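One structure is given below, encoded as structure tokens.
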Amino acid sequence: MAASSEDPDQQKAAQALADELSLPFLPTPTADTDLLLLQTTDHIELRDLRDPRLGPIWVDFSRFDLRPHGPSLSRRQPLARAFGKKVRTIVDATTGLAQDALRLALMGFQVTAIERSPVVAALARDGLHRFESERGITLGSRLALRAGDARALLPALARPDAIFLDPMFPARRKRSAAVRKEMRVLRDLVGEDRDAVELLGIARAVARERVVVKRADDAPPLAPSPNHSITGKLVRYDVYLAPST
Ligand SMILES: C[S@@+](CC[C@H](N)C(=O)[O-])C[C@H]1O[C@@H](n2cnc3c(N)ncnc32)[C@H](O)[C@@H]1O
């Protein structure tokens with residue numbers, strides 16, 4: 001963890017985040033590390049210093065399309081349709097950089113977002129804070145972000161109507177060039193979520209109404225026999241209904 005300049009405020013913010021995340025604090029950025037978390041003037045970003053072609057990863061919602069019927073927030077698109085009409089509360093148990101969590105919150109669901117990588121959670125939190133201040137929107141209880149492992153946290157939460165899972169897709173050689181750079185760096189940081197099947201089992205025991213699992217369009221379901229699936233452009237949403245629904 002480092003700051004991008006010697007500005008005392010930036011240095012202080014970087015030191016505080018390093019303490020919070022238990023990362024070593026570097027008084028100046030150095031190339032002597034693979035991944036570097038950097039406090040810049042207005043955001044925090046992750047840099048992969050092993051590959052100069054990769055730009056920094058940071059969460060930027062400044063161009064987020066807020067139109068209710070636009071491509072991000074329309075309730076007619078697959079992500080919204082996968083949750084059906086009865087769901088009000090959702091736990092996003094694999095929040096990552098919070099792109100889906102923010103969409104769900106702004107669609108009107110009440111979202112608790114859980115992310116187990118403290119660095120990824122910090123990037124998401126930073127992006128969400130800037131979204132709120134830049135766009136003059138208070139997310140409040142519509143989106144609560146928690147750092148921790150959903151396998152441990154889910155059973156202790158008030159039972160949500162639905163749980164959303166988007167575990168890291170396994171790297172596919174054929175398509176690896178098309179995988180967004182953020183996803184490649186993220187995968188390096190957090191690994192391949194090999195415990196996703198276990199997480200799905202826990203989610204199915206906790207969700208009142210359904211579990212929705214986002215998969216690559218050509219990947220097999222995470223567990224056999226989803227009740228139904230909604231297919232988007234490159235992804236598929238597999239829906240597992242709770243036994244009583
Ligand atoms: C593919 S990313 C999710 C991307 C996300 N849907 C978005 O819109 O940005 C998967 C994330 O799930 C997180 N994750 C996987 N298993 C988890 C668990 N058991 N608890 C919390 N987070 C988990 C990983 O650390 C990773 O950041």
Side-chain angles (χ1 to χ4, degrees), residues 75 77-121 123-125 128 139 141-170 183 186-187 189-232 234-245:
R75 295 290 291 252
Q77 49 157 314
L79 175 65
R81 279 172 32 226
F83 287 97
K85 295 215 159 72
K86 284 190 261 168
V87 168
R88 298 280 174 274
T89 53
I90 299 177
V91 173
D92 179 348
T94 56
T95 297
L97 297 178
Q99 315 290 312
D100 292 322
L102 180 63
R103 285 172 64 200
L104 290 168
L106 294 175
M107 280 174 192
F109 298 105
Q110 191 175 323
V111 180
T112 301
I114 305 176
E115 170 52 49
R116 73 172 153 197
S117 158
V119 169
V120 175
L123 289 168
R125 178 165 287 121
L128 291 168
L139 291 166
S141 63
R142 282 191 279 172
L143 178 49
L145 177 61
R146 295 186 59 171
D149 192 318
R151 290 172 303 167
L153 293 179
L154 278 178
L157 292 177
R159 291 179 71 196
D161 297 330
I163 296 177
F164 177 56
L165 303 183
D166 174 18
M168 202 61 82
F169 298 159
M183 280 299 142
L186 257 195
R187 185 182 289 120
L189 184 68
V190 304
E192 275 195 5
D193 295 343
R194 291 181 190 279
D195 47 12
V197 173
E198 181 193 346
L199 178 59
L200 175 57
I202 296 168
R204 289 179 80 172
V206 168
R208 284 176 191 277
E209 222 262 337
R210 67 183 61 201
V211 177
V212 174
V213 184
K214 183 171 168 182
R215 301 289 285 161
D217 52 357
D218 56 355
L222 203 50
S225 314
N227 293 82
H228 63 272
S229 298
I230 306 227
T231 308
L234 292 169
V235 297
R236 191 182 73 242
Y237 298 95
D238 291 338
V239 179
Y240 300 86
L241 296 174
S244 55
T245 54

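Predicted model only: the values in this text are computed from it and were never measured. All heavy atoms count here, side chains included; hydrogens, waters and symmetry mates do not.
- Contact record, Leu200 with Ala223: CD2-CB, 3.4 Å, taken as the closest heavy-atom pair.
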Subject >> Step-by-step side chain to side chain contact (heavy atoms under 4.5 Å, CB included) determination, Leu199 to Leu154 >> reply: CA-CA 9 Å; Leu199 178 59; Leu154 278 178; 4.0 Å; yes
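- Across every non-hydrogen atom of Ala147 and Leu153, the tightest pair is O-CD1, 4.2 Å.
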Side-chain donor-acceptor contacts of residues 101-110 below 3.5 Å, not counting sequence neighbours, with atom names and distances?
| residue | atom | partner | partner atom | Å |
| --- | --- | --- | --- | --- |
| Arg103 | NE | Ser72 | O | 3.1 |
| Arg103 | NH2 | Gln77 | OE1 | 2.4 |

**OP:** Output, in order, the C-alpha distance, side-chain angles, deciding distance and verdict of side chain to side chain contact (heavy atoms under 4.5 Å, CB included) for Phe83 and Phe164.
**Re:** CA-CA 9 Å; Phe83 287 97; Phe164 177 56; 3.7 Å; yes
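- Here the straight-line distance linking atom CG of Leu145 with atom CG of Asp92 works out to 9.5 Å at 0.5 Å rounding.
- Applying the salt bridge (Lys or Arg N to Asp or Glu O under 4.0 Å) rule to pairs touching residues 144-157 yields Arg116-Asp149, Asp149-Arg151, Arg151-Asp195, Arg151-Glu198, sequence neighbours excluded.
- In this structure the side chain of Ser229 reaches within 4.5 angstrom of the side chain of Asp238, judged on heavy atoms.
- Atoms CG and CG, on Leu186 and Leu123 in that order, are 8.0 Å from each other to the nearest 0.5 Å.
- In this view, Thr89 and Asp161 satisfy the side chain to side chain donor-acceptor pair (under 3.5 Å) rule, not counting sequence neighbours.
- Taking every heavy atom of both residues into account, Ala124 and Ala98 meet most closely at CB-CB, 3.9 Å.
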**OP:** Please report the C-alpha distance between Lys214 and Val212 in whole Å, then the side-chain angles of each, then the deciding distance to 0.1 Å, and finally whether the side chain to side chain contact (heavy atoms under 4.5 Å, CB included) criterion is met.
**Re:** CA-CA 7 Å; Lys214 183 171 168 182; Val212 174; over 6 Å; no
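- The heavy-atom pair separating Pro224 from Tyr240 by the smallest distance is O-CE2, 3.9 Å.
- With rounding to the nearest 0.5 Å, the separation of CZ in Arg208 from NZ in Lys86 is 12.5 Å.
- Counting only heavy atoms from C-beta outward, the side chains of Pro226 and Val213 never approach each other to under 4.5 Å.
- Considering OG1 of Thr94 and CE of Met168, their distance stands at 9.0 Å, rounded to 0.5 Å.
- At least one side-chain heavy atom of Ile114 sits less than 4.5 Å from a side-chain heavy atom of Leu157.
- Rounding to the nearest 0.5 Å places CG of Leu165 at 10.0 Å from CD1 of Ile202.
- Checking side-chain atoms of Glu192 against main-chain N and O of Arg194 turns up no donor-acceptor pair under 3.5 Å.
- Atoms CD1 and CZ, from Ile163 and Arg210 in turn, are 13.0 Å apart once rounded to the nearest 0.5 Å.
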